[in-house]
There are 2 protein chains.
Amino acid sequence: MKVISNQLYSGSLKTIVLKLLKEEGPVHGYALTRRVEEITDGKIKLTYGALYPILHKLEQEKAVVTTTGIHNNRTRVYYSLTPKGETVTVSKINELREFIESLQKIIEPQTGLNYA
Amino acid sequence: MKVISNQLYSGSLKTIVLKLLKEEGPVHGYALTRRVEEITDGKIKLTYGALYPILHKLEQEKAVVTTTGIHNNRTRVYYSLTPKGETVTVSKINELREFIESLQKIIEPQTGLNYA
DNA sequence: TGTTATATATAAGTAACTTTAATATACTAT
DNA sequence: ATAGTATATTAAAGTTACTTATATATAACA
């Protein structure tokens, strides 16, 4: 199982977190780390050291709110998007799409129209 | 013209530089910055502050060699890949492809086989 | 009893970047 | 003449989002 170097993906983690919050409703942090691993076959690691600063910053920015619930006798923190967070997520995902397009233009110059 | 946030692409710059060196033979630094801007419609900026540390490090690692030439009465430094650099480039591009695939899995869950 | 999975959080340290500045020639426009 | 833009290379201070390490705690499994 080949792991992608964190240098490559670390800048995308915030967008990934936003996207998962949007798709998978109120989630707790641990679940987010597992989902990323699951979706990417372990190629991208969302560590706690990366995740919690991202979540706390999003909360500060009013893009995310937290609710708490009890699970197995322990308090669990659930994160979800605010309306503002939804808007931020949409624009972040659009940015990520443009990024992917630009990367593809660089690494696969044969694709696309070659009228130049 | 929408610019992609540098946080998103900065980790990919080394791979981008390697790819351009591979495709466009001996090139000087300034030309690399313009090519990236050209290919990505200005969405990705390869600044000198990012470029030269990357080139110097690749040179240290024996992935890149320099030759000099005179252009307009000034010495110009041309960078090109060594055989080792070619190998590094191939594996870096494969890594970037896997990265793009992982991102697509996250942002476009509808694509691909949905047997799960 | 030890290990793995679940679950959250903080903090020191790093490294690749951004920003800024310095230097210099050639060309274009006013 | 002079200012601005394009070409061309480099160094260095500063930032910041991350990595790595650590702490804490319950539940399940072997």
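Hydrogens, waters and symmetry mates are skipped; everything else that's a heavy atom, side chains included, is used. Model, not experiment: these values are computed from the prediction. Each chain gets a letter, A, B and so on, in the order its sequence line appears, and its residues count up from 1.
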Asks: Would you please confirm or rule out a distance under 4.0 Å between OP1 or OP2 of dT6(C) and any side-chain N or O of H28(A)?
Replies: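 So the side-chain polar atoms of H28(A) never come under 4.0 Å of the phosphate oxygens OP1 or OP2 of dT6(C).
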
Asks: When the nearest nucleotide of DNA chain D is assigned to P53(B) and to A50(A) on a heavy-atom basis, which residue is associated with the more 5' position?
Replies: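 It is P53(B) whose nearest nucleotide is closer to the 5' end.
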
Asks: Can you check whether K62(A)'s main-chain N or O pairs, donor with acceptor, with T82(A)'s side chain at less than 3.5 Å?
Replies: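 A pair under 3.5 Å: yes.
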
Asks: Without decimals, in angstroms, what is the distance between L46(A) CG and dC18(D) P?
Replies: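 The answer, rounded to whole Å, is 10 Å.
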
Asks: Determine whether a donor-acceptor pair (N or O, by modelled atom type, separation under 3.5 Å) exists between the side chain of Y79(B) and the backbone of E59(B).
Replies: no

Asks: Does a nitrogen or oxygen in the side chain of Y48(A) sit under 4.0 Å from OP1 or OP2 of dT8(C)?
Replies: no

Asks: If only side-chain N and O atoms of K57(A) are considered, is one of them under 4.0 Å from the OP1 or OP2 phosphate oxygen of dA17(D)?
Replies: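 Answer is yes, contact under 4.0 Å.
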
Asks: Tell me: OH of Y52(A) to P of dA12(C), nearest whole Å?
Replies: 20 Å

Asks: Side-chain N or O of Y30(A) versus OP1/OP2 of dT6(C): is the shortest distance under 4.0 Å?
Replies: yes

Asks: Test T89(A) against every option in L81(A), N94(A), L20(A) by the side-chain contact (heavy atoms from CB on, under 4.5 Å) rule and name the one that passes.
Replies: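 The passing option is L81(A).
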
Asks: Would you mind classifying the nucleic acid contact of G29(A) as base, sugar-phosphate or nothing, using non-hydrogen atoms under 4.0 angstrom?
Replies: sugar-phosphate

Asks: Looking at T47(A), I'd like to know whether one of its side-chain N or O atoms comes within less than 4.0 Å of OP1 or OP2 on dT19(D).
Replies: yes

Asks: Below 4.0 angstrom from OP1 or OP2 of dT14(C), is there any side-chain N or O of Q7(A)?
Replies: no

Asks: So Y78(B) and H28(B), would you call those rings parallel, tilted or perpendicular, with 30° and 60° as cut-offs?
Replies: perpendicular

Asks: Given dA9(C), dT18(C), dC18(D), which nucleotide is nearest the side-chain atoms of Y79(A)?
Replies: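 The answer is dA9(C).
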
